[in-house]
Amino acid sequence: MAAIGKTTLDSGWLAAMSTEVHLSGTQLTTTQLPSVGPTSPWMEAVVPGTVLATLVKNKVVPDPFYGLENETIIDIADSGREYYTFWFFTTFQCKLSGTQHLDLNFRAINYSAEVYLNGHKKVLPKGMFRRHSLDVTDIVHPDGQNLLAVLVYPPDHPGSIPPDGGQGGDHEIGKDVATQYVEGWDWMCPIRDRNTGIWDEVSISVTGPVKVIDPHLVSSFYDNYKRAYLHATTELENKSTRVAECSLNIQVTTDLEGNFCLIEHLQTQHLSIPAGSRVQYTFPELFFYKPNLWWPNGMGKQSLYKVSVTVDVKGYGESDLWSQLFGFRKIESYIDNTTGGRLFKVNGQPIFIRGGNWILSDGLLRLSKKRYSTDIKFHADMNFNMIRCWGGGLAERPEFYHYCDIHGLLVWQEFWITGDVDGRGVPVSNPNGPLDHDLFLLCARDTVKLLRNHPSLALWVGGNEQIPPDDINKALKQDLRLHPHFESSLNEGGKFVEDSPAVLRDPSQYLDGARIYIQGSMWDGFANGKGDFTDGPYEIQNPEDFFKDDFYKYGFNPEVGSVGMPVSATIRATMPPEGWRIPLFKKVSNYYQEVPNPIWEYHKYIPYSKPGKVHDQILLYGSPKDLNDFCLKAQLVNYIQYRALLEGWTSRMWTKYTGVLIWKTQNPWTGLRGQFYDHLLDQTAGFYGCRCAAEPIHVQLNLVTYLLEVVNTTSEELSDIAIEASVWDLEGTCPYYKVHEKLSVPPKRTVPIAEMKYPKSKNPKPVYFLLLKLYRMSDDRIISRNFYWLHLSGGDYKLLEPYRKKTVPLKIISQVFIKGTTNEMHMLVENTSKKPESKSRTYRNDFATKQGDVDFDVASVHSTHDGADKKHEASWFQKISRHFTKESDGLRVAEINGSDIGVAFFLHFSVHGLKQGHKEGEDTRILPVHYSDNYFSLVPGEAMPIKISFEVPPGVTPRVTLDGWNYRGVHTVR
């Protein structure tokens, strides 16, 4: 007898081109099983994944994301659909008892398929975003060995790629209900197989006579969130030929420390389900008093409860089970009267949106929990609170949403409409959207059921820069209408009001009912709200422009983009040597125009200049000498560009803006624009510029007014705080020092505090550093730290070039904690070029709040400047060691010698792996790595706690290195 529940079929798959397999599906799953061999067309398959992912894995084609290799792979427009029509094959074990049932589930395929199981044929209809569940009870083998073959067909309208590329190629893909980016975009190369394949989870599920289908969970609140109700509705299918007498159970638990859980609710209902029927059942609402609420990133904890639904059938026992992590939260949204922008509230608190646009994790759909975990944690680490899933990409997967639930990222999910492919372009494209409107709506409704229980899901949007065709739009508005409770339609007693007999009383009986639907990304409070093209811009800006009154005049910008050059190691790892050539700088009037090499151009490089408007931001630091120099200077620009973007928006929080989403946060391939980490998962400096600027509480410099501003996005007033402002020159002296004390800042406000008198003072330096610290006066704990490098108006940063010759000494104290393959390193990095300024009370950087999930008290994280250094260093590590049960390899001190006094500028950690058989020039980086901070700077005497965490591959010895602007070469610190 098989165990009740789901088993994922994610290994042991084979694949072959259909034209090379001369057997039928019946033969493959009965008498002539495929095998891998020298003359066999079969190869190991990537499932979930695409045909192209399988071909790359087996080196049948080169990596399309390396250099210009994508141009060597035949496009489906030239090969025909048959070339990318593939067989997939696997086996599985399952022995059923006489009363059990088995479903074979495909969570998504692209685009249609024939399924053969033990010689029996089933059909998976068209549509990329729909689930398929096949009852195969009668065709599984009683001995338990089952043979499964799937013939997957590409989209019906794969289209062709015009010579000049373009947004969505020739737009033919828009005739299907499929992802549209696959014909290429201004940030993406064409995907040759159009993402054909079994691209999402395949599973089998064993049930008894009754199956639980798509439960829907909704929470409602009263009395200022003191009283909460959990509403739950589920479908139940009786697969047997007899009436099923059922006990239907719902249980709500919360995790406690020590692997214990607390049962918050347990309710059992009894019902009879007729033979062969499918019914909907709504539980009596469950009452909670002051439940732990789910909050977005930066607003509070992401409290999650486990909700389990089980059904027991009389005479059988447990028949099926379902569970979901659920967060109690309420999301409201409306157009703000002050700004005209769309405003979001979570649990009654307005949330200033700072986030980014998301396409998908990987262009070959090699999607995994591990990759999603990194992707979403990266966004949380940048202090973002929203991700927009762009309409030309995917309806994202439950694993994506799971990690958004965990890390507090609100999600804007679009359906599969884009302006470029659905209604405009040259030639004008698909003005009526996909050919099959019923299929589109079927996929949309199924996607809602798949994702609606995630607290991170904030809103549905009809399309990108376009609205769906009228009939689809009308249907979506009806299907996704809000329950009256979420439109505040309550009577005095707080009970649900039925405004018509057609309105269902319980919100869990709606398809969704608890979050809004907006018809398009530039409508109803986004951009100018009317659908005109008022998002953007998408190129380099002068940093101060983000603060100007005329920069962007609408309340919520859904897309504003800029540069995204990665580090030089990524260029070398993803391109041949001819791709290592840096751009030529061609003078155009008083500006320089960058001319990139053909490989960079193919990878959609955005230049760091805009002749006529923006001088080349890299040349502000002097002419780059080589790839390393170019990429390092690009990181300086990345940091300034994106910090200024977010600080400029936040400076006008609630007075002009309600939110901004950056285009984009990452690329699904090795692209060279609009990203905060590259496809290999190494962060750019822009990542840390965002992390700094998007802090919930933040001190910043307005680059136009030179006012110091304090940002408080929290719901609590800040009181008894102070700002320390210190200016440092290239000689290591501090010509300006000022403390603004006894400050208070109301909640949800950006407040100007005082004007910076430097550089208006006499004899200002042409290039200087500014360090701002916001701290609590009661204990000197730092709330926000912000480091700028600045030049006088009309100047540049070229004096930083000779500053590279400065040798500023550093001391790094570190300890590593190891658990399995996970390494966590805690470091204290100190600029020892001189003792701290006696007037400074904050040189120790004792942070009042957690920095990068640092889960230990950093009150004693510093080196004293008396004879007790070692005592204090040891006590710090003893303190943090108490928070870990992991193996530690001991305290270590590394020193980088130097004779100069000055700022240790733009320090950058990286982690490398040493292994046997290393080839010269091979990329040695261990990726991904999570850093509490990187690309940071330290003034003389200042110390900074840093946390690094990473997984160590088998057979690899990790090595942590440090480099920086004025640190020639790479220094091993651990």
Side-chain angles (χ1 to χ4, degrees), residues 212-237 246-252 264-274 277-291 293-294 305 307-309 311 322 324 326-334 345-348 444-446 448-455 457-460 474-517:
V212 176
I213 301 173
D214 291 333
H216 185 200
L217 309 175
V218 179
S219 54
S220 62
F221 300 92
Y222 305 90
D223 298 341
N224 197 27
Y225 297 88
K226 292 178 183 176
R227 289 192 297 128
Y229 293 90
L230 175 63
H231 308 265
T233 294
T234 186
E235 290 185 77
L236 299 163
E237 182 181 9
C246 301
S247 295
L248 187 60
N249 311 296
I250 185 168
Q251 177 177 285
V252 183
E264 299 271 357
H265 266 287
L266 176 60
Q267 184 188 98
T268 300
Q269 301 294 319
H270 300 284
L271 67 156
S272 298
I273 304 176
S277 66
R278 189 162 170 164
V279 300
Q280 184 183 80
Y281 181 81
T282 300
F283 287 92
E285 57 194 29
L286 302 179
F287 172 71
F288 291 78
Y289 181 69
K290 290 185 177 180
L293 300 180
W294 183 94
Y305 293 77
V307 180
S308 301
V309 175
V311 58
W322 174 94
Q324 172 78 38
F326 179 77
F328 283 90
R329 63 97 182 96
K330 181 180 181 181
I331 294 181
E332 302 167 88
S333 182
Y334 54 87
K345 284 185 174 181
V346 178
N347 303 330
R445 290 163 182 148
D446 198 56
V448 173
K449 291 179 180 179
L450 178 68
L451 303 176
R452 62 190 177 185
N453 292 317
H454 290 278
L457 178 56
L459 72 158
W460 303 101
K474 183 178 179 180
L476 289 174
K477 285 181 178 180
Q478 174 64 20
D479 288 349
L480 297 174
R481 68 194 186 280
L482 288 172
H483 185 280
H485 172 74
F486 298 100
E487 293 179 331
S488 301
S489 298
L490 298 174
N491 63 17
E492 292 181 1
K495 296 294 184 181
F496 295 128
V497 178
E498 294 193 49
D499 55 2
S500 74
V503 177
L504 299 172
R505 290 190 67 253
D506 193 284
S508 65
Q509 293 175 351
Y510 279 50
L511 180 63
D512 187 322
R515 49 179 69 82
I516 60 168
Y517 167 76

Once you round to the nearest 0.5 Å, how far does [atom1] of [X] lie from [atom2] of [Y]?
X	Y	atom1	atom2	value
Gln251	Leu286	CD	CG	11.5 Å
Tyr510	Leu480	OH	CG	12.0 Å
Thr234	Gln280	OG1	CD	8.5 Å
Leu476	Arg481	CG	CZ	12.5 Å
Leu293	Phe288	CG	CZ	12.0 Å
Phe328	Tyr225	CZ	OH	13.5 Å

Whether [X] side chain and [Y] backbone form a donor-acceptor pair below 3.5 Å:
X	Y	value
Asp512	Arg452	no
Tyr229	Val218	no
Asn453	His216	no
His483	Gly513	no
Arg329	Pro455	yes

The test is side-chain contact (heavy atoms from CB on, under 4.5 Å); show your working for His270 and Cys246 and say whether it passes.
CA-CA 6 Å; His270 300 284; Cys246 301; over 6 Å; no

Verdict with supporting geometry, His265 and Ile250, side-chain contact (heavy atoms from CB on, under 4.5 Å)
CA-CA 8 Å; His265 266 287; Ile250 185 168; over 6 Å; no

Under the side-chain contact (heavy atoms from CB on, under 4.5 Å) rule, what do Ser219 and Phe326 come out as? Steps first, then yes or no, please.
CA-CA 9 Å; Ser219 54; Phe326 179 77; 3.9 Å; yes

Evaluate the side-chain proximity of [Y] to [X]: yes if any heavy-atom separation is below 4.5 Å, no if none is.
X	Y	answer
Asp479	Arg445	yes
Pro215	Thr233	no
Tyr517	Leu459	no
Val309	Leu248	yes
Leu236	Leu271	yes
Arg515	Ile331	no
Asp214	Trp322	no
Leu230	Glu285	no

Parallel, tilted or perpendicular for His485 and Tyr222, by the 30°/60° rule?
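Answer is tilted, since the angle falls between 30° and 60°.
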
Parallel, tilted or perpendicular for Phe287 and Tyr289, by the 30°/60° rule?
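The rings of Phe287 and Tyr289 sit tilted, inter-plane angle from 30° to 60°.
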
Taking atom types as modelled, find out whether Tyr281 and Gln269 have a side-chain donor-acceptor pair closer than 3.5 angstrom.
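Short answer, yes.
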
Return yes if a side-chain donor-acceptor contact under 3.5 Å exists between Thr282 and Gln509, otherwise no.
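Gln509 and Thr282 do have a side-chain donor-acceptor pair below 3.5 Å.
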
Please report the shortest heavy-atom distance between Asn249 and Ser247, naming the atom on each side.
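That closest heavy-atom pairing would be ND2-O, 3.7 Å.
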
Distance to the ring centre below 6.0 angstrom and angle to the axis at most 45 degrees; does that hold for Arg227 and Phe221?
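That pair does not qualify as a cation-pi contact.
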
Would you indicate whether Lys345, at its atom NZ, is surrounded by more than 12 heavy atoms from other residues, nucleotides or ligands within a distance under 6.0 Å?
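Yes, the 6.0 Å shell around NZ holds more than 12 heavy atoms from other groups.
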
Please evaluate residues Phe283 and Thr268 with respect to the criterion side-chain contact (heavy atoms from CB on, under 4.5 Å), reporting the C-alpha separation (whole Å), side-chain torsions for both, the decisive distance (0.1 Å), and the verdict.
CA-CA 9 Å; Phe283 287 92; Thr268 300; over 6 Å; no

